[in-house]
4 protein chains.
Amino acid sequence: MVRYAHAKEDKEARRDNILGAALCLFLQDTRHLPAVASIAAKAGLAKGTVYLYFDTKEQIFAALLSREWDALLMEVEASFAEPFEHKASPIARFIDRFAKFLDSHPYFLRFDSIGYVQVEANLPTDEFWRFKEAFASALDQAGRTVDTSLALSSGTGRHLLIRSYALARGLWQTLDLPERLRNDTRFANYPLANIDFDAELRSALQEYWHGALTLPV
Amino acid sequence: MVRYAHAKEDKEARRDNILGAALCLFLQDTRHLPAVASIAAKAGLAKGTVYLYFDTKEQIFAALLSREWDALLMEVEASFAEPFEHKASPIARFIDRFAKFLDSHPYFLRFDSIGYVQVEANLPTDEFWRFKEAFASALDQAGRTVDTSLALSSGTGRHLLIRSYALARGLWQTLDLPERLRNDTRFANYPLANIDFDAELRSALQEYWHGALTLPV
Amino acid sequence: MVRYAHAKEDKEARRDNILGAALCLFLQDTRHLPAVASIAAKAGLAKGTVYLYFDTKEQIFAALLSREWDALLMEVEASFAEPFEHKASPIARFIDRFAKFLDSHPYFLRFDSIGYVQVEANLPTDEFWRFKEAFASALDQAGRTVDTSLALSSGTGRHLLIRSYALARGLWQTLDLPERLRNDTRFANYPLANIDFDAELRSALQEYWHGALTLPV
Amino acid sequence: MVRYAHAKEDKEARRDNILGAALCLFLQDTRHLPAVASIAAKAGLAKGTVYLYFDTKEQIFAALLSREWDALLMEVEASFAEPFEHKASPIARFIDRFAKFLDSHPYFLRFDSIGYVQVEANLPTDEFWRFKEAFASALDQAGRTVDTSLALSSGTGRHLLIRSYALARGLWQTLDLPERLRNDTRFANYPLANIDFDAELRSALQEYWHGALTLPV
DNA sequence: CATGAATGAGGTTTCATTCAT
DNA sequence: TATGAATGAAACCTCATTCAT
């Protein structure tokens, strides 16, 4: 990493560096947004430098969220856009990939959950709309892909995706418990502690998609 | 309201008073937990008085959440426990009551969302488990009522309820936007702004329950 | 203990009760004055009741201190006033009794030390002077007894006592460490932790009295 | 004073500045540790700035105490280490310098007294040990200088110093009265109010050292 | 571009004391 | 006399952000 990021590519590298540091710290305590000071320290930068790349603390996390959302929606599109294989229906493929994505990005749902509360609440208005519109349009596009793939009426795919994600997010928040309480003796007795998120999600999605596609109008 | 709440009923009234003030303030800015100072002011009390009734700021909100959860789960149980009327299946009745409850308690989902982040993260450990266990056991009971009503295998009802609520919570967080942005001109152009939460939720629940009950094992 | 202390003797018993509770709590954390609430609880009374017997929190501790001072100075007087035994000089007897008293009243020096800072600082003026004058006159009297016993010029005995006590108090503060740090591993390595207060005090007093009585004017 | 203390020397100046402000405020009410807010105000800084230089309020006062202790013990060492002059024995020189130091640092004994109660009780454990060990080792060194100068057996010097200081501290606490009471009419009648601390200390030290060095073992 | 010192609002909690009951 | 609910002034500390260097 250069010391003075004058070139555009160096700047982007530095920006990524900051994002990486923020993510890393967030993973250590997923109910709190890490302090700017600690992000800077982790990135090997001074506090002020972080503010050369982001206007606001929340902007950092909004950027991270956007990045993750893009990745997820690309995954979704791929599930439906890829050439048909006759053994796997695109829906089963979608559920599998969706669940795998969330499983391999354990911070995503935590992040999004905290994002609803902490990030959206403090994001400067402009930034907020940019963030939301990026999300909405990526979602639209993925929804259209679903429509095409499954020959649904326009807009149905988007609904399906929104609800699928709603299920995932809602389940997560119901089942997740703060790390610091995992060692507590009472944890073992907590009935919801033994539910496996991944299995639960797959099962819920199957039920939901089955219902959505078979329910008479 | 008496000045000195000596009698047990007066104490409860005061406690409720504080909870009411907290809720009222929360509704004005649903992404932040109001400060204790403002809760006290709203309730017409001194800051210290609030701490006579609650040990911790988070305890106030945990109490509010518990109270809401109890009300919701009682509603759910009622949907399934009441004598069968042949025109409405218990499921349709459940969906209707569930949606109505959330519609008439607009803060509930916001509250629960912020609760996941702010309340759980800072609640003293003991209080946390009391809170969680109350939730889990009320949920268990409601789940059993569903099992009985629909003649399901044990534990299925609880799953159905968890997923129903997950859907509600997840949808809410996807569709909700901070009040302060409702007046923004860009709001009108935001595609997800025009989706009606109540309708969306009912539709999603119908799809889900239909799927859950018809999906071959 | 009666419920309503109307009779004078009942009142005094209640007052003593409060003093006892205060002392007991103080012994558990000798660097902080216990809270009035905890004193009341320990005494089985309501907070307000304590204020029927003492105007101020500090008054409680001033009363305790006075009581201890009286006991100590009586002990001192006894050392010098008792009939001569030829094997023990009154000085050796004084040192022994003085050290024993402090050893068996472990809270005295702690109390007095904290008293200098916390009690005197907040005692209402009138109360303060009553407290100080009681001390000064008891001291005077004891000093005169020393003068008589040792045939010293007037006022010398008081000096000797003041300085003896100064040595005790100063040594205590130098050697004492907060309880919470006694378990710390670093405690073992702290050179002053191994000095025995009682032995140190006896030795210091012997040196001092020897010097005071032999130093040529 | 520069506005931004980047250079090391500027930082030290600022630190000293804060210490000075703390000391100044302490002198105005020697029984209470001043609030951080007032220290900051006095130093012309924001509250947060103070916390850039000290982790804790108590650390400020521990630093002041350490500084004073170093100065005092250097003075002590100098008394004994300087080349012999035949008119003044090192002991007389020590007593003179010691008394002068305390006379010209009127806050030292007050500070140390309040330190015993307020600082030690609340200092974070690590900081506490650093503080105590600095004291113990400076004391050890000074004690060794005394040993050498007076040809005493090892460890005797330290004892002599501890007891000398105990005498000073104890006398101070016995004779000192809160400023606010100096104007009180009753002050004039208080017998201990007329005792001059400096004279009393010198006399007590002479007696003690004479005794310590002449007492047969 | 990079730094990191300075800012200061903001928030929680404690507790001596009062006073209606 | 006894109670204990109510008070509200402190006090400490954090941290996002600014800005002189």
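Side chains are part of it too, since the values below use all heavy atoms of this structure and drop only hydrogens, waters and symmetry mates. No experiment lies behind these values; they were computed from the predicted model shown. Just so we're on the same page: letters track the sequence lines, and every chain starts at 1.
Distance OH (D:Tyr51) to P (F:dA16): 18 Å, rounded to an integer number of Å. For A:Gln118 and F:dA16, the CD to P distance is 11 Å, given to the nearest whole Å. Between the C1' atom of F:dA11 and the CZ atom of D:Phe61 lies a distance of 13 Å, rounded to the nearest Å. Taking atom CZ of B:Arg3 as the reference point, atom C1' of F:dG4 lies 13 Å away to the nearest angstrom. Residue A:Leu52 contributes atom CG, which lies 15 Å from atom C1' of F:dA16 at whole-angstrom precision.
Classified by interplanar angle (parallel below 30°, tilted 30° to 60°, perpendicular above 60°), the ring pair C:Tyr4/C:His6 is parallel.
Taking every heavy atom of residues 31-47 of chain D and every atom of DNA chain F, pairs under 4.0 Å involve D:Ala35, D:Val36, D:Lys47, by number.
Counting only heavy atoms from C-beta outward, the side chains of C:Asn122 and C:Phe61 never approach each other to under 4.5 Å. At least one side-chain heavy atom of C:Lys132 sits less than 4.5 Å from a side-chain heavy atom of D:Leu177.
The nearest pair of heavy atoms linking D:Pro34 to D:Lys57 is O-CE, 3.1 Å. Between A:Arg180 and B:Ala121, the shortest heavy-atom distance links the atoms NH2-O, 3.2 Å.
Paired regions of DNA chain F, where each region holds three or more successive Watson-Crick or G-U pairs whose two hydrogen-bonding distances fall under 3.5 Å, are E:2-21 with F:2-21.
Between C:Phe26 and C:Phe111, the gap from one ring centroid to the other is short of 6.0 Å.
Reading DNA chain E from its 5' end, the first and the last nucleotide to sit under 4.0 Å from a heavy atom of chain D are E:dG4 to E:dG10.
The structure places CG of B:Asp112 at 13.0 Å from CZ of B:Arg110, a figure rounded to the nearest 0.5 Å. Note: D:Glu179 CD to D:Asp29 CG = 7.0 Å, rounded to the nearest 0.5 Å. A distance of 11.0 Å separates CD1 of B:Ile18 from CG of B:Leu64, quoted to the nearest 0.5 Å.
When each of B:Asp55 and A:His6 is assigned the nucleotide of DNA chain E bearing its nearest heavy atom, the one mapping closer to the 5' terminus is A:His6. Ranked by how close their nearest DNA chain F nucleotide is to the 5' end, B:Tyr4 and D:Val2 are led by B:Tyr4.
Under 3.5 Å, the side chains of D:Gln173 and C:Ser113 contain no donor-acceptor pair of N or O atoms.
Within the nucleic acid shown, C:Phe54 has no heavy atom closer than 4.0 Å to any nucleic acid atom.
Residues B:Arg15 and B:Glu12 are not paired through a salt bridge, judged by the lack of any N-O separation under 4.0 Å between the basic side chain and the carboxylate.
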